[in-house]
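Before any comments, here is the structure.
Every heavy atom of this structure was used, including side-chain atoms; hydrogens, water molecules and symmetry mates were not. All values derive from a computational prediction rather than experimental measurement. Whatever order the structure lists them in is the order used to number ligands and atoms, beginning at 1.
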Amino acid sequence: MAARLFAVPTGARVVSQPHLRTVVVLAAGEGKRMKSALPKVLHPLLGRTLVGHVLAAAAPLAADRTVVVVGHGADQVRAHLAEIAPEATPVLQAEQLGTGHAVRIALDAAPDATGTVVVINGDVPLLRPETVAALVAAHEEARAAATVLAAEVPDPTGLGRIVRDTDGRLEQIVEERDATPAQRAIREINAGIYAFDAARLRDALGKLSTDNDQGEEYLTDVFALLGSAGEPVAVHVAADHVETLGCNDRVELAALRRLLRARVNEAWMRTGVSLLDPDTTWIDVTVALDRDAVVDQNTQLRGGTVVGTGAVVGPDVTLIDTVVGPGATVLRSHAVGAEVGAGASVGPYAYLRPEARLAEKAKVGTFVEVKNSEVGAGAKVPHLSYVGDATIGAKANIGAATIFVNYDGVNKHRTTVGEGAFVGCDTSLIAPVEVGAGAYVAAGSAIAQDVPAGALGVTRAPQRNLDGWVARKRAGTVSAEAAARAQAADERASAPGSGASEGEAIHGDAEPVRSAPGAGDTATE
Ligand code: UD1
Ligand code: MG
């Protein structure tokens, strides 16, 4: 079985009892600087949306309830949540009056919430489950009223600063726009991830003011409120500040994507997968790879893709929701929703579409497109073909430029090619039609009727040669000149005394088709 590094979050200790937990994800903001019709939290990042990453980081907490505050693009966000986290409750914040207001609305939707409330900004996709778990553990062990995840960052611009007193205790969290010059010099920032005691949070949220530069209810003010009331508030510092990076525009999104790529790629290499060029290899967090799989440069593995042991994928390959069996090779190709059997070979330049299923050791070669079709064990479709809605038996050979004509303009129909059948080049198989086991089809045929097992199907028109046609109809062309030279040479060779025996060309309909379509006639290897 292929290993799954990220699809099922691992490593985080689930400490679900006796604490009841509620997770609140803040995802109502517009994300103005993304300049997008898509709400910010729905932007994709290596296999999940931003909010999908946040929910995955919180998943191991096994919270009793997950509330997602939605606002901008609420319908789109709700629809996405229904798909990826149907257990989460979306709660509408019609007007974005601040992070404190958002959490207040979330708690109104969870009136019975007790224990720990974990709040996470919806735009911190690099957050690891382990880090959330460590924050919650520290918070619960300390029996704190509120704990904020902080990080020391090289550039704190735009972020809330952690202001500590002379004893190093948290005094307040101050937004950059409300900060004094001295506070702005602080490089310890609020990551936007918190753990609270539900009752004390609820109480403090009721006391928030909007007396700040943005006129919003700041969740961060809860810390100063609780602290000055003598409640224990704490700071949990993240080991790696990269995890706390938020996403505000597409430049930051691209930077996050590179950081996540490096993390994912390093993890796979450490499990025994070869990435020949990690800088050009993009693997979604949902992909699974087996030991000794080899991924060559410029390759994207996306969605539910699985690559088996010893398989070689790339260079220049995109696989989406595609399963590649052990020992298979896929070279310079694009596949979506396909299955490539053990030891099978794909490409260069193949296109596998949904429900393309290649059995063990099958071959789909150059400029071949396969859709909704089975290619049997050891069967070959080596060049320039379209295989749509077909079943190709084991060890069948499909010659170059064979088209499975599956569509009559209204309906799609299936073609079956039996085991060991041999289809000549440049053939149309007009569905619905069946070529029996071991049958042959002559090159250049248009097959609309079944070919029985072991028969030869042929629809080729008889050939006629019109002698001298080029000289008459294409005089003065290079072809005419070449033909004249060849004829003159022929005549010299056959002149009496030349020593050559007299030959006779075969013309016209002497033979309607050759008696057997030898391999050179019908197929290519
Ligand atoms: C917030 C923090 C700041 C911290 C930073 C980390 C506050 C007041 N400030 O600032 O200290 O350093 O995050 O990234 O909390 N949202 C809502 N409803 C609202 C407002 C915001 O759901 O009414 C959501 C947004 O969609 C976003 C998150 O809350 O996911 C944070 O909001 P944002 O406006 O980005 O806050 P920042 O100014 O970044
Ligand atoms: Mg922000």
Is there a donor-acceptor contact under 3.5 Å from the side chain of [X] to the main chain of [Y]?
X    : Y    : value
D155 : T157 : yes
Q93  : V69  : no
R161 : A185 : no

Would you say [X] and ligand 1 have an N/O pair spaced under 3.5 Å apart?
X    : result
G122 : yes
L159 : no
G29  : yes
T220 : no
G192 : no
L219 : no
N121 : yes
A191 : no

Shortest non-hydrogen contact from N406 to A431?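 Shortest heavy-atom contact: CA-CB, 4.2 Å.
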Provide the number and element of each atom of ligand 1 under 4.0 Å from a heavy atom of [X].
X    : answer
A27  : 22 (O), 26 (O)
Y218 : 8 (C)
A28  : 17 (C), 18 (N), 22 (O), 26 (O)

Contact with ligand 1 for [X], non-hydrogen, under 4.0 angstrom:
X    : answer
I189 : no
G71  : no
H101 : no

Atom [atom1] of [X]: over 12 foreign heavy atoms under 6.0 Å:
X    : atom1 : result
E87  : CD    : yes
R200 : CZ    : yes
K371 : NZ    : yes

Criterion side-chain contact (heavy atoms from CB on, under 4.5 Å) on D284 and R302, from CA distance to verdict: CA-CA 5 Å; D284 279 358; R302 294 171 46 190; 3.3 Å; yes
Testing D108, L219, D221 one by one against L205 for a side chain to side chain contact (heavy atoms under 4.5 Å, CB included), which residue passes?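 Answer to the side chain to side chain contact (heavy atoms under 4.5 Å, CB included) test with L205 among D108, L219, D221: L219.
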On the 0 to 90° scale, with breaks at 30° and 60°, tag the F223-F196 ring pair as parallel, tilted or perpendicular.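 F223 and F196: tilted rings.
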Mind checking whether L97 contacts ligand 1 via backbone (N, CA, C, O), side chain (CB onward), both or neither, at a 4.0 Å heavy-atom cut-off?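 Backbone only.
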Taking heavy atoms and a distance under 4.0 Å, where does Q93 meet ligand 1: side chain, backbone, both or neither?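 Side chain only.
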Nearest heavy atom to atom 2 (C) of ligand 1 wins, so pick from D221, N190, T99, V25.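 That would be N190.
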Of the listed options E175, H72, E30, R161, closest to atom 11 (O) of ligand 1 (non-hydrogen atoms):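 Nearest option to atom 11 (O) of ligand 1, by heavy atoms: E175.
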Should T89 and R65 be marked as a side-chain hydrogen bond (donor to acceptor under 3.5 Å, both in side chains) after you check the CA-CA gap, both sets of side-chain angles, and the distance that decides it? CA-CA 8 Å; T89 313; R65 191 193 270 107; 5.1 Å; no
